[in-house]
2 protein chains.
Amino acid sequence: MRISGLADTSGVSVATIKYYLREGLLHPGVATSATQATYDDSHVRRLRLIRALTGPVGLSVQQARAILTLVDDPGDDLYATLGRAVGALPPATSPTPAGDPDPYPRARAALEALGQVFDPRFPAVAQLETALAAAEDAGLPISPERLLAYGRSLRELAAYDLQRMPAEPRAAVEYTVLGTALYEPVILALRRLAHQDVAARLDLGG
Amino acid sequence: MRISGLADTSGVSVATIKYYLREGLLHPGVATSATQATYDDSHVRRLRLIRALTGPVGLSVQQARAILTLVDDPGDDLYATLGRAVGALPPATSPTPAGDPDPYPRARAALEALGQVFDPRFPAVAQLETALAAAEDAGLPISPERLLAYGRSLRELAAYDLQRMPAEPRAAVEYTVLGTALYEPVILALRRLAHQDVAARLDLGG
DNA sequence: TAATATTGGAGAGTCACACTATCCAAGCAT
DNA sequence: ATGCTTGGATAGTGTGACTCTCCAATATTA
């Protein structure tokens with residue numbers, strides 16, 4: 001299949017495919033001459049994944065590349081790979097000023113209350129701190145009680161996810177990294193719908 | 001307080017404040033002459049809210065304006081206002097082609113399985129459909145069983161949230177609309193941290 | 001075989017976005 | 001009175017994600 005066939009099959013324009021090739025999101029085809037190369041099913045699948053990440057998931061091309069690189073070349077430490085994947089995903093957080101003895105006070109308190117590991121090197125810690133600070137700044141601080149309630153429910157979900165993690169390492173990385181990126185929008189949508197459903201049953205304002 | 005004082009207090013530059021005024025995110029100050037106006041605490045608070053929405057929450061200026069408009073001018077129907085807020089938040093979904101008898105098959109099946117209301121006019125339905133389709137396209141479809149598990153946990157969270165909704169309508173709108181925007185990042189960060197914690201206890205790859 | 005179309009590759013152009021900078025005449029402060 | 005600040009408008013900047021245009025080298029088709 002040549003580039004125009006790939007474009008037809010995938011629904012992505014030739015120009016955009018060239019752009020993804022240039023940006024390193026898509027692996028090159030097999031060159032058959034100076035001005036020809038053939039593409040196969042792996043390119044079609046990869047394009048689908050790229051479009052899923054840059055479209056519905058809302059990643060930038062750079063973020064998508066970071067995620068794809070992790071899936072292609074995971075380290076042998078799944079735990080560390082998950083950390084890197086989380087760091088590559090939005091929301092981006094500003095680097096901590098060095099020398100701050102307690103850069104994430106809100107996140108630390110929350111995790112201690114939940115009895116969870118607090119490791120300041122994990123990117124999600126900074127993300128949690130930023131999110132809690134934003135809620136405070138906006139005048140809707142999150143109470144410790146609410147954090148506990150959220151944390152407990154989400155821990156159930158996490159346990160469910162990890163129980164179903166594939167045993168084979170490569171599949172496990174894909175499951176973990178892509179699952180983080182792809183399942184989060186599902187979770188947000190389900191939460192919004194749960195709000196709607198509960199509100200409807202309470203017969204609010206209707 | 002004049003505009004430079006507002007800039008100093010809020011940490012937002014004069015040029016950016018002028019930009020927000022032009023874009024209608026920030027209400028004008030009280031003009032005291034042709035070239036002077038005074039700003040007060042309400043402007044400082046509003047700027048904090050704008051920065052929280054456009055920064056950590058990651059909304060565009062247009063999306064932030066849509067949310068702020070809803071908070072300023074909610075309808076008297078809280079349920080409908082929540083719907084509008086969800087529609088103003090990312091992820092954006094493409095409009096449904098008219099005449100499609102079943103535009104959201106995945107979302108409909110999921111909500112039926114959960115025993116929740118299915119109302120195709122609610123924007124989160126389209127968001128759920130898009131997210132489920134993206135996961136499928138990327139090769140990691142979400143099983144019905146997983147959807148049930150997610151949906152049940154998130155319904156607990158939603159019930160918790162609505163139990164704590166303020167009784168006063170104006171406060172309820174603010175709580176609902178801003179809560180959707182501000183608490184979602186917290187939930188995602190907590191989920192990521194829960195994954196990390198569960199993974200650590202399973203002693204994966206470490 | 002000749003005419004036409006397509007390809008890979010590279011560079012430039014486009015469009016939207018979120019600011020940021022520059023101007024200006026009209027105050028205000030000293 | 002004289003230099004600084006203001007509101008308001010217009011223009012400019014930098015980034016990101018494409019999209020367009022070229023080109024010579026093939027492929028395809030008549």
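Here is the naming used below: chain letters follow the sequence lines, and residue numbers restart at 1 for every chain. Being a predicted model, the structure only gives us computed values, none of them experimental.
Nearest to the side chain of A:Ser60, among D:dA17, C:dA18, D:dT28, sits D:dA17. Of the candidate nucleotides C:dG8, D:dT19, C:dC19, D:dT19 has the atom lying nearest to any side-chain atom of A:Tyr19. The side chain of B:Arg51 sits closest to C:dC19 out of C:dT7, C:dC19, C:dA18. When distances are taken from the side chain of B:Thr35 to each of C:dC19, D:dG7, D:dA25, the shortest belongs to D:dG7. Closest contact between the side chain of A:Ala34 and the listed nucleotides D:dT26, D:dT19, C:dA26 involves D:dT26.
Note on ring orientation: taking the six-membered ring where Trp is involved, the planes of A:Tyr150 and B:Tyr183 are perpendicular (angle over 60°, cut-offs 30° and 60°).
Taking atom CG of A:Asp8 as the reference point, atom P of C:dT6 lies 11 Å away to the nearest angstrom. A straight line from CD1 of A:Ile17 to P of C:dT6 spans 15 Å, rounded to a whole angstrom. The nearest whole Å value for the distance from the CG atom in A:Leu47 to the C1' atom in D:dA17 is 15 Å. To the nearest angstrom, P of D:dT5 lies 16 Å from CG of B:Leu6. In this entry the distance linking CD1 of A:Ile3 with C1' of C:dG8 reads 7 Å, nearest Å. Whole-Å rounding puts the B:Glu23 CD to D:dG7 C1' distance at 16 Å. In this structure, the CG atom of B:Leu21 is 15 Å from the C1' atom of C:dT20, given to the nearest Å. Across the protein-nucleic acid pair, B:Gln36 atom CD and D:dT6 atom P stand 7 Å apart, rounded to whole Å.
Here A:Glu112 pairs with A:Arg108 in a salt bridge; the nearest charged N to carboxylate O distance falls below 4.0 Å. We find that B:Arg46 and B:Asp72 are joined by a salt bridge, their nearest charged nitrogen and carboxylate oxygen being less than 4.0 Å apart.
A close approach under 4.0 Å does occur between a side-chain nitrogen or oxygen of B:Tyr39 and OP1 or OP2 of D:dG7. Of the side-chain N and O atoms in B:Arg65, none sit less than 4.0 angstrom from OP1 or OP2 of C:dC17. Within the structure, every side-chain polar atom (N or O) of A:Ser33 is placed at least 4.0 Å from both OP1 and OP2 of C:dT7. Using a 4.0 Å cut-off, some side-chain N or O of A:Tyr20 falls inside it from OP1 or OP2 of D:dC18.
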Quiz prompt | A:Val57 and A:Gln63: CA distance, side-chain angles, deciding distance, side chain to side chain contact (heavy atoms under 4.5 Å, CB included) verdict | solution = CA-CA 11 Å; A:Val57 176; A:Gln63 290 164 341; over 6 Å; no

Exercise. Please assess B:Lys18 against B:Ile3 for the test side chain to side chain contact (heavy atoms under 4.5 Å, CB included), listing each intermediate value before the final yes or no.
Key: CA-CA 9 Å; B:Lys18 286 183 175 183; B:Ile3 202 170; 3.9 Å; yes

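To the nearest 0.5 Å, atom CG of residue B:Asp197 and atom CG of residue A:Asp119 are 11.0 Å apart. Atom CG of residue B:Leu193 and atom CD of residue A:Gln116 lie 6.5 Å apart, to the nearest 0.5 angstrom.
Base engagement by B:Ala15 is indicated by at least one non-hydrogen atom pair under 4.0 Å involving a base atom. Counting non-hydrogen atoms under 4.0 angstrom, B:Ser4 reaches the backbone sugars and phosphates but no base.
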Quiz item: How would nucleotides 9-15 of chain D be written as a contact map, 5' to 3', with B for base contact, S for sugar-phosphate-only contact and - for no contact, using protein heavy atoms under 4.0 Å?
Solution: -B-----

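Using modelled atom types, one finds a donor on one side chain and an acceptor on the other under 3.5 Å when comparing B:His27 with B:Ser42.
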